[in-house]
Amino acid sequence: MLTDYHVHLRPDDEDTPPERFFTAANAERYRVVAEERGIAELGVAEHVHRFKQSLEIWQHPWWRKWARDDVDDYCAFVREETDLRLGIEMDFVAGREDRIAAFLEGREWDYVVGSVHFVGDAAVDLEGTEWEHVWGRGDRPERVWQRYFETLAEAARSGLYDIMAHPDLVKMWGRQRPQPDGDLRRYYDLAMEGIAESGIAVEVSTAGLRKPVGELYPARPFLEMVLDAGNPIALSSDAHAPDHLGAGYEQAVEVLGDLGVGEITVFEGRERRMEPLG
Ligand SMILES: [Zn+2]
Ligand SMILES: [Zn+2]
């Protein structure tokens, strides 16, 4: 079994309205590519910030820029016009756990993908002049990484999520941003305090291969720590177009095989089960 759950039906671009992308025909384009690539379990997880109801959780300028669509229309579309699993990529916003829970509770997800894209108000993976960026404040890389991995622990521990997405996203820029020196496991340890305790499924994401860093998320030493703790693995590409589906999976499956992972997680109605990998 191969899965791709962390999938977006459209690029993160302006002019990507739901009437063009949340259609049975577009879902079918994804299903066709997934079938060609041997991916039987396919689901979608649109970014929360694309929905106007996200502003009930957080009024960050980045969210206010994007929040336009109706989340219940999205859920109805996925359920009624596609055979895809229904998920959402839900940011962790510290201090807004109750509002996130209220947003999630009213809707029938198959799974919820939890992401840390912001440390406090500062974005990890976005550049722009209208919002703060983690690298724009003159903090030392040690401080940025520490806060990022502490936030990841908090997200896992919140119990809001089924899958922890792109666990070391902070490395996304590769050499374009400063990185702490030495053995990075001291940062992964900070996250593991929450991840191990929560039992959350941890995403192995091939999206990092498309980014400046050019690596899988998470780094192999981090993945080893996740496996030592006994957390299960979820496999996804973070596709934003049909051709991204399953991209880089040979590499991901090889690494997982090397580390003795024989099973991956499958979700339905927020219930988790394990299926053989491959
Ligand atoms: Zn993400
Ligand atoms: Zn995503």
Side-chain angles (χ1 to χ4, degrees), residues 3-13 16 18 21-22 26 30 34 39 42-51 54 57-58 60 62-63 65-67 69 71 74 78 84-94 100 103-104 109-119 122-128 131 133-134 148-149 151-152 154-156 158 160-174 191 195 200-213 215-219 222 234-249 252 267:
T3 60
D4 209 340
Y5 280 151
H6 184 160
V7 169
H8 304 272
L9 288 171
R10 53 190 174 178
D12 291 333
D13 295 339
T16 49
F21 290 88
F22 295 169
N26 191 39
Y30 279 72
I39 298 163
L42 186 63
V44 286
E46 187 51 284
H47 289 289
V48 66
H49 67 248
R50 301 295 300 260
F51 301 115
S54 69
I57 300 171
W58 204 28
H60 190 279
W62 167 255
W63 286 26
K65 174 181 157 77
W66 285 99
D69 304 338
V71 69
Y74 161 72
V78 175
L84 307 176
R85 298 276 182 226
L86 173 60
I88 187 159
E89 180 171 11
M90 172 63 78
D91 280 70
F92 178 69
V93 184
I100 295 171
F103 179 103
L104 293 173
W109 313 107
D110 287 312
Y111 54 85
V112 176
V113 177
S115 293
V116 174
H117 298 116
F118 294 89
V119 173
V124 172
D125 60 337
L126 306 166
E127 289 192 305
W131 44 83
H133 190 260
V134 287
Y148 171 79
F149 286 101
T151 307
L152 199 67
E154 222 182 315
S158 73
L160 291 164
Y161 307 112
D162 302 302
I163 299 169
M164 201 77 257
H166 39 60
D168 54 354
L169 181 71
V170 70
K171 74 178 179 187
M172 185 198 102
W173 301 97
I195 288 172
I200 194 169
V202 174
E203 181 180 87
V204 168
S205 170
T206 58
L209 298 170
R210 307 192 301 266
K211 297 293 161 62
V213 69
E215 290 175 13
L216 296 172
Y217 303 118
F222 191 1
L235 176 63
S236 286
S237 69
D238 206 346
H240 284 70
D243 193 47
H244 294 157
L245 290 172
Y249 269 25
F267 290 90

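Note that ligands are numbered from 1 as they come in the structure, with each ligand's atoms numbered from 1 the same way. Heads up: numbering here begins at 1 and tracks the sequence.
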**OP:** Please state whether the rings of Trp131 and Trp62 are parallel, tilted or perpendicular, taking 30° and 60° as the class boundaries.
**Re:** perpendicular

Original post:
Which of the N/O/S atoms in His117 sits closest to the Zn ion (ligand 1)?
Top reply: NE2

**OP:** Let me see the working for Glu46 and Phe51 under side chain to side chain contact (heavy atoms under 4.5 Å, CB included), right down to the final yes or no.
**Re:** CA-CA 9 Å; Glu46 187 51 284; Phe51 301 115; 3.6 Å; yes

Original post:
Hey, what's the ring geometry for Trp66 with His49, parallel, tilted or perpendicular (30° and 60° as the breaks)?
Top reply: tilted

Subject >> With Ser54 via side chain to side chain donor-acceptor pair (under 3.5 Å) - residues at least two apart >> reply: none

Subject >> Atoms of protein origin (N, O or S) under 2.8 Å from the Zn ion (ligand 2) >> reply: His6 NE2, His8 NE2, Glu89 OE1, Asp238 OD1

Original post:
Does the ring center of His6 lie less than 6.0 Å from the ring center of His166?
Top reply: yes

Original post:
Counting distance only, does the side-chain N/O of Ser237 pair as donor-acceptor with the main-chain N or O of Thr206 below 3.5 Å?
Top reply: no

